[in-house]
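Have a look at the structure below, then the notes.
Per chain, numbering begins at 1; letters A, B, ... match sequence-line order. These values consider heavy atoms only, across backbone and side chains, with no hydrogens, waters or symmetry-generated copies. Not measured: the values here are computed from a predicted model.
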Number of protein chains: 2
Amino acid sequence: MGPNVDRRPPVMADVARLAGVSHQTVSRVLNDHPNVRAETRTRVMRAIDQLGYRRNLVARALVTKHSRTLGVVSFDTTLYGPASTVYGIEQAARDAGYFVSIVSLRTIDRAGVNDAIGYLAEQGVDGIVVVAPQRSAARALDDLPAGMPAVAVEGWHQGEVSVVSVDQVEGARLATSHLLDLGHETVWHVSGPADWLEAEGRIEGWRAVLTAAGRPVPGMLTGDWSPRSGYHAGKELAAMAGDVTAVFVANDQMALGLLRAFTEEGVKVPEQISIVGFDDIPESEFFSPPLTTIRQDFGAVGRRSIDVLLRQIESGEALPHERLVVPPQFVLRGSTAVAAR
Amino acid sequence: MGPNVDRRPPVMADVARLAGVSHQTVSRVLNDHPNVRAETRTRVMRAIDQLGYRRNLVARALVTKHSRTLGVVSFDTTLYGPASTVYGIEQAARDAGYFVSIVSLRTIDRAGVNDAIGYLAEQGVDGIVVVAPQRSAARALDDLPAGMPAVAVEGWHQGEVSVVSVDQVEGARLATSHLLDLGHETVWHVSGPADWLEAEGRIEGWRAVLTAAGRPVPGMLTGDWSPRSGYHAGKELAAMAGDVTAVFVANDQMALGLLRAFTEEGVKVPEQISIVGFDDIPESEFFSPPLTTIRQDFGAVGRRSIDVLLRQIESGEALPHERLVVPPQFVLRGSTAVAAR
DNA sequence: TCTCGTGATGTTAACGCTAACAGAAACCGG
DNA sequence: CCGGTTTCTGTTAGCGTTAACATCACGAGA
């Protein structure tokens, strides 16, 4: 057989031998070190692609102490919100030259988040993004490994890490005010599950607007984000037909469930009841009627969180904790109308 | 200050010193080597959590040549299908003790997929899953680094890798046959974009059933998976009202667009036109009317692909290429009805 | 001409871990 | 009670890279 009998992938020393230089010179070429003669550089480059050499980032990470990998801990990345956020994170990270290692938790609790963070730390990530939309999960950030740069997304504002999130309270304000402006006496709310920070923020904003306007605050229905739970809430609301004229639903999927229930019960939207959702999922525009909703810019959240994290990593120091808020946007469509009188 | 002045994280040697053993013994404890005295083991364990020691998997990977990390290359993980598949992959991988490093491509072409695979290879992943739903992307698998275990998901059946996918052709058959069984003369089709393997499979199954039944094959409309493109297709179809009585739409999101267009044009579903979708996204059950569709078990696809990949990795050999097919499932709901006569 | 700085390269020593071998202690049957 | 096996532990040598320092050649300024 020929000279390369072994199928072992080439290493730096092989390239060096072929190019007639030392392995350190090869390293310098690869890392764009300035002090390399142009001719030497091309000779090395030629050797590199003659051998099909790829550098071993594991070995590199061992000596530099930087893996250029970021860890992401998330929850049910099947949902539109988390999926979009993680996508934004991944894009931003890759643009900055970082890899992303993901752990998607099935259930989200402090222990689970802690384990995930632990694994990622062992694996040598340079920093961690935790998408922690639940209070219990957010608390896990209190016991991060010392010195590990981290950022929370949609998390809690208190504690030892920076947080990036959409302004949920403001979004709920926009939704509720819009309905009040249309002349509705008050606005009902179908909320997300307890313990979810987003659900809490939306409740807070909704309640604040009603209170400020001196309106009665109706009892609240609680769902679990799923269309099915929205459907059940819709059935209840339909039974109270006359009383209810406006509903702010904590996400678009539940709003779809409401729409379905109302259709079945012969309640007309927006003629009898106005509905505002939250998220602006791609489907919302094509509901019947098209859904008025609050858009969250998940991509921006992902990008901002990587900004914050990389600033921490690259400074090497423990920077003061920031709280970045991405504004939500009101999207007017066909599910809301002036209150009937 | 006390004895640990430096904030450098502890290494194996520190544990060894504290436990009064050699670092190798610590390694043996960590790797569950059988030949360690019980008492020594507990002494080491005590030292480990006294110091808060975590092993450095980078160093470990350098010597073992295994990172226990899998690479995943995917495309637009914001869509329900890819998101669910990636979720399934991640779950299965973690259950098997592997990490997952993800690259989400913005646009999917051969060069992009190749780059992604290259990065992952440098990073030292033990194997790669490519979610390659487009012909062009699937072709990138032809030039994988030699000896790199890999599996394609929703990919092409030909070439040098194993493939796991849902049986698209069969799904389309189920949809089309159902409509024919209801007495419709023929079935129209709104397909996915050209070059997508799933779109092609669905067209093939649809056409096969019509041909086999001796029915005319109507002209086909082409969308891009988005609700909006379905909406446009719906407008066209509505204009041909009398002629069209049944439509098989290549995914649920486009079906939603059709539904919206039909509502606007006063076309009643299912009374005037029956519709079958594809995917069974969580929203479909709450469309108006609830959508009859074909369910894809994305989770199963993810799990099977990890099975195949790990078998390759752990055997260490180039196994024969498999083609695993996950059956689709017909879901009857309210958007289809017996043909009007 | 001599020195000194600078640029280009080479040499050596880590990084933190596991593999491979070596040695010591304990156990066994004849 | 002795050779041989088994069980436990230690020592040494890498894995493939970069950092730090050493070396060498060359040209500029005195």
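- Checking D:dT18, C:dG10, C:dT18 against the side-chain heavy atoms of A:S22 singles out C:dG10 as nearest.
- Among the atoms of the strands shown, only primed sugar atoms or phosphate atoms (P, OP1, OP2) are found under 4.0 Å from some heavy atom of B:R55.
- Set against C:dC15, D:dT18, C:dA8, the side chain of A:S27 has D:dT18 as its closest nucleotide.
- In this structure, B:H66 places its NE2 atom where only 12 or fewer heavy-atom neighbours from other residues, nucleotides or ligands lie under 6.0 Å away.
- With distances taken from any side-chain atom of A:H23 to the nucleotides C:dT11, D:dG14, C:dG10, the minimum falls on C:dT11.
- D:dG16 atom C1' lies 11 Å from atom CG of A:D14, rounded to whole Å.
- Going from atom CZ of B:R54 over to atom P of C:dG16 covers 17 Å, rounded to whole Å.
- Between the side chains of B:S74 and B:S104, no donor-acceptor pair is found at a separation under 3.5 Å.
- Annotation: of the two residues near DNA chain C, B:Q24 and B:L62, the 5′-most nearest-nucleotide partner is B:L62.
- The nearest whole Å value for the distance from the CZ atom in B:R28 to the P atom in D:dT11 is 11 Å.
- Distances shorter than 4.0 Å separate none of the side-chain N or O atoms of A:T25 from OP1 or OP2 on C:dA8.
- In this structure, B:K65 atom NZ and C:dT18 atom C1' are separated by 12 Å, rounded to whole Å.
- To the nearest angstrom, C1' of C:dC17 lies 16 Å from CZ of B:R68.
- Heavy atoms of B:N35 sit under 4.0 angstrom from at least one base atom.
- Neither OP1 nor OP2 of C:dA8 sits under 4.0 Å from any side-chain N or O of A:R37.
- With respect to A:V301, the side chain to side chain contact (heavy atoms under 4.5 Å, CB included) criterion is satisfied by exactly one of A:V131, A:V325, A:I306, A:V164: A:V164.
- Residue B:V21 is classed as a sugar-phosphate contact, given heavy-atom separations below 4.0 Å to backbone atoms only.
- Between the side chain of B:R28 and the backbone N or O of B:N35, no donor-acceptor pair lies under 3.5 Å.
- A donor-acceptor contact shorter than 3.5 Å is absent between the side chain of B:T85 and the backbone of B:G302.
- Atom NE2 of A:H33 and atom C1' of D:dT18 are 12 Å apart (whole Å).
- Proximity note for A:N56 (side chain, C-beta onward) versus D:dG16, D:dT18, D:dC15: the nearest is D:dG16.
- The shortest distance between the side-chain N/O atoms of B:T40 and the OP1/OP2 oxygens of D:dT9 is below 4.0 Å.
- For the pair B:Y53 and C:dC17, the criterion of a side-chain N or O lying under 4.0 Å from OP1 or OP2 is met.
- For A:R41 and C:dT9, the CZ to C1' distance is 13 Å, given to the nearest whole Å.
- Residue A:E122 contributes atom CD, which lies 13 Å from atom C1' of C:dG16 at whole-angstrom precision.
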